[in-house]
Amino acid sequence: MYAQASNERLTKWLMGAILVIAYAFLYMPIIHILFASLSSRPNFPYPPEFDYGSYIRLYTNTVYQDAFLNSLIIATCTSILSTVLGFLATVGVLRFGGRKALLYAAFFAGPLFVSEILLGISSMSLYYLVFELQGNMVTAIIANSVHCFSFCFLIMAALLYRYDWRMNEAAVVCGASPARAFYEVMLPLTWSGILGSLIVAFVLSLNGLDISFYLLGATPTMPSVAWGALRYGVKPELYALSSIINILVFAAITVLYFVARSDKKRPME
Amino acid sequence: MNQSQNGAEAPYIRIANISRQYGQVRALHDLSIDIDKHEFIAILGPSGSGKSTLLRLIAGLDRPTAGRIFFDGVDVTDLPPHKRGIGMVFQEFLLFPHRTVRENLAFPLRMTNQPPQMILERLDWAEAILSLNGLMDRYPNQLSGGQQQRVALGRGLVTHPTLLLLDEPLANLDRELRNEMEVEIRRYQKQLGIPFVYVTHNQEEALSMSDRVAVINGGKLEALGERQLIYDHPPTPFVARFVGKSTRFDGAFDAASKKVDLQRYNYSFPYEEVAERKGNARVEVFVKNERFELLPSRSGSAGIPCTVADVVLRGPFVEYILETEADERIIAVQPKREEPLALGTKLSLSWNPSQCHVFPAGR
Ligand SMILES: Nc1ncnc2c1ncn2[C@@H]1O[C@H](COP(=O)(O)OP(=O)(O)OP(=O)(O)O)[C@@H](O)[C@H]1O
Ligand SMILES: [Mg+2]
């Protein structure tokens with residue numbers, strides 16, 4: 001009996017250790033960048049020797065700021081556009097898809113399997129060919145939305161699959177117009193999926209290099225500036241910027257976590 | 001059903017020649033019903049007969065392929081559901097899970113833009129009439145089935161709608177609660193004086209609550225009339241089989257001797273009016289189980305000889321499972337006496353000819 005108890009303890013320790021290793025594997029690069037950005041010696045920041053200089057220089061560097069702003073605009077617009085389109089597609093497939101719903105869904109998820117570089121190049125030439133559109137922010141947003149749409153579709157389809165559409169009917173016979181039925185009943189019951197889709201699309205398009213790169217040309221975005229910086233030697237400002245972005249992304253994930261939890265507290269039948 | 005065009009007053013609700021086709025499926029076919037202002041009407045039919053479809057058409061959740069619907073003389077066929085001013089109660093309740101009972105009840109009042117004072121009054125009214133005291137701040141998943149059902153009813157009633165549609169609202173409740181709610185629902189209807197259209201496939205429910213019963217079968221209206229009339233004088237074999245519990249016999253009608261002959265049982269009874277046919281004609285005979293007469297068997301007695309195979313006690317009634325000589329089983333329901341008949345008792349089964357229903361067979 002004693003042996004068994006110690007066995008259990010051993011298993012617990014082992015599991016804990018594996019967990020720590022797994023997390024370390026995932027987060028070491030991120031932590032490393034954080035250290036590097038905060039250090040006076042960014043190339044080998046151990047032992048740490050704190051210095052906020054890179055953040056101050058970042059604050060005055062307009063190229064990075066422009067890039068950050070552009071990325072933010074692209075990410076925001078893309079997440080909204082692709083979530084709206086994804087939502088409409090989800091509603092269409094789930095409500096009116098009938099027996100072919102799976103087929104429609106498969107084709108909506110299809111663009112997931114196209115590589116981003118291909119999508120970027122092809123969008124660039126297509127938009128130019130058909131619409132004579134030069135690469136700019138708008139085309140970048142559209143091309144990014146094509147890529148993010150499929151993720152948004154999958155995320156919302158997984159959630160709306162369990163939604164009882166007759167809730168809308170119940171609302172409508174109570175005198176709610178379809179629009180009111182949507183935001184009084186459907187939105188509160190499905191918003192965690194919609195928020196999840198917004199966040200995922202935001203993060204994807206914020207960090208996506210390839211698509212924006214081909215469609216924007218000289219306009220800087222975060223990933224393209226970072227990529228360019230690689231060729232001329234990495235500056236610590238870049239570390240600072242990526243750390244800021246990482247922190248933003250973690251904030252978004254934290255929000256998602258709490259949303260999911262508050263949703264569980266009030267299970268829907 | 002022909003409606004007189006010169007009738008002085010339009011009926012409160014008029015459903016005129018409604019059809020609904022889903023691809024190849026004919027869910028409803030040329031169905032017309034007029035409903036009065038103070039009426040409780042039950043729509044009775046087997047599963048798949050089109051009851052829910054009819055209700056959804058009245059609510060505006062679905063559009064008819066043909067026909068019109070009028071509320072108070074106004075054609076509402078093209079009006080969307082939220083402009084029809086109706087209430088509806090669903091079998092699965094469909095309460096809003098993210099809202100408390102109070103918010104659920106206030107929802108239709110808010111959607112129709114009632115003043116706050118009115119909302120408070122109606123909430124109090126609903127709380128009292130539906131005995132929801134102490135439940136108002138709970139969420140639907142914290143309520144029992146019966147309580148949820150009452151909230152669903154309340155949500156349908158708070159606006160005092162033009163009419164209330166109920167789609168098998170008691171199907172998910174246990175029997176005891178059902179009987180209780182039947183009485184309650186009927187009471188609300190009388191109190192509010194608005195028509196209730198109550199869909200059910202349970203004939204007992206239909207008979208216990210309604211003023212009139214509409215029987216539909218395969219999307220068509222089989223019968224429409226006072227519940228007593230539908231029960232006592234079913235106009236078609238389907239209604240005879242479906243409303244009430246009855247036993248069916250095959251027989252032949254002899255027009256010369258004015259008798260119905262059940263050759264199989266060697267039993268015949270006089271019968272005046274089998275419509276339509278002359279000469280010897282095959283007929284179906286329906287007898288309500290509670291209208292059998294059981295007499296002690298004597299040699300030479302006229303009835304169908306049988307023996308008591310089983311006795312089922314049902315409160316104030318006794319169900320005798322009888323076995324005929326042809327090894328068939330017939331159920332006869334009798335008021336409970338002090339001493340029910342013993343198993344194996346030999347009986348003679350007969351009925352009052354005016355109490356049974358005879359239809360030409362093979363329709
Ligand atoms: N949306 C639809 N698409 C295709 N067929 C339908 C649709 N809705 C109903 N039907 C068909 O119409 C017929 C009537 O259906 P309805 O739901 O009205 O039956 P019901 O009398 O309410 O049955 P139940 O007692 O089982 O609820 C059925 O044959 C059904 O299969
Ligand atoms: Mg139904």
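Chain naming here is simple, since letters A, B, ... match the order of the sequence lines and numbering starts at 1 in each.
- Using a cutoff of 4.0 Å between basic side-chain nitrogens and carboxylate oxygens, D75(B) and R14(B) are not scored as salt-bridged.
- Heavy atoms of R166(A) lying under 4.5 Å from chain B belong to its backbone as well as its side chain.
- In this structure, L19(A) places its CG atom where more than 12 heavy-atom neighbours from other residues, nucleotides or ligands lie under 6.0 Å away.
- Taking chain A as the reference chain and counting heavy-atom pairs below 4.5 Å, the highest number among R56(B), Q142(B), M111(B) is found for M111(B).
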side-chain hydrogen bond (donor to acceptor under 3.5 Å, both in side chains) assessment of N168(A) paired with Y163(A) | CA-CA 10 Å; N168(A) 291 37; Y163(A) 179 70; 2.6 Å; yes

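- With sequence neighbours left out, the side chain to side chain donor-acceptor pair (under 3.5 Å) criterion links R187(B) to E184(B).
- Not counting sequence neighbours, Y161(A) has no partner by the ring pair (Phe, Tyr, Trp, His ring centres under 6.0 Å) test.
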Hey, mind stepping through L163(B) and I13(B) against side chain to side chain contact (heavy atoms under 4.5 Å, CB included) and telling me if it holds?
-> CA-CA 9 Å; L163(B) 88 162; I13(B) 308 286; 4.1 Å; yes

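- Counting heavy-atom pairs closer than 4.5 Å to chain B, the top residue among A181(A), P178(A), G175(A) is G175(A).
- Within the 4.5 Å cutoff, side-chain heavy atoms of V200(A) are placed close to those of I155(A).
- The shortest side-chain heavy-atom distance between F202(A) and V249(A) does not fall under the 4.5 Å cut-off.
- The stretch residues 58-66 of chain B places A59(B), L61(B) near chain A, each with some heavy atom under 4.5 Å from a heavy atom of that chain.
- Neither the backbone nor the side chain of L165(B) comes within contact range of chain A; no heavy atoms are under 4.5 Å apart.
- Summarising the local packing, OH of Y27(A) is surrounded by 12 or fewer heavy atoms from other residues, nucleotides or ligands at distances under 6.0 Å.
- One finds the CD atom of E182(B) at 11.0 Å from the CZ atom of R186(B) (value rounded to the nearest 0.5 Å).
- Using a 4.5 Å heavy-atom cut-off against chain A, the contacting residues of residues 79-94 of chain B are P81(B), H82(B), I86(B), M88(B), F90(B), E92(B), L94(B).
- Ring pair W125(B)/H160(B) is perpendicular by interplanar angle, where above 60° counts as perpendicular and below 30° as parallel.
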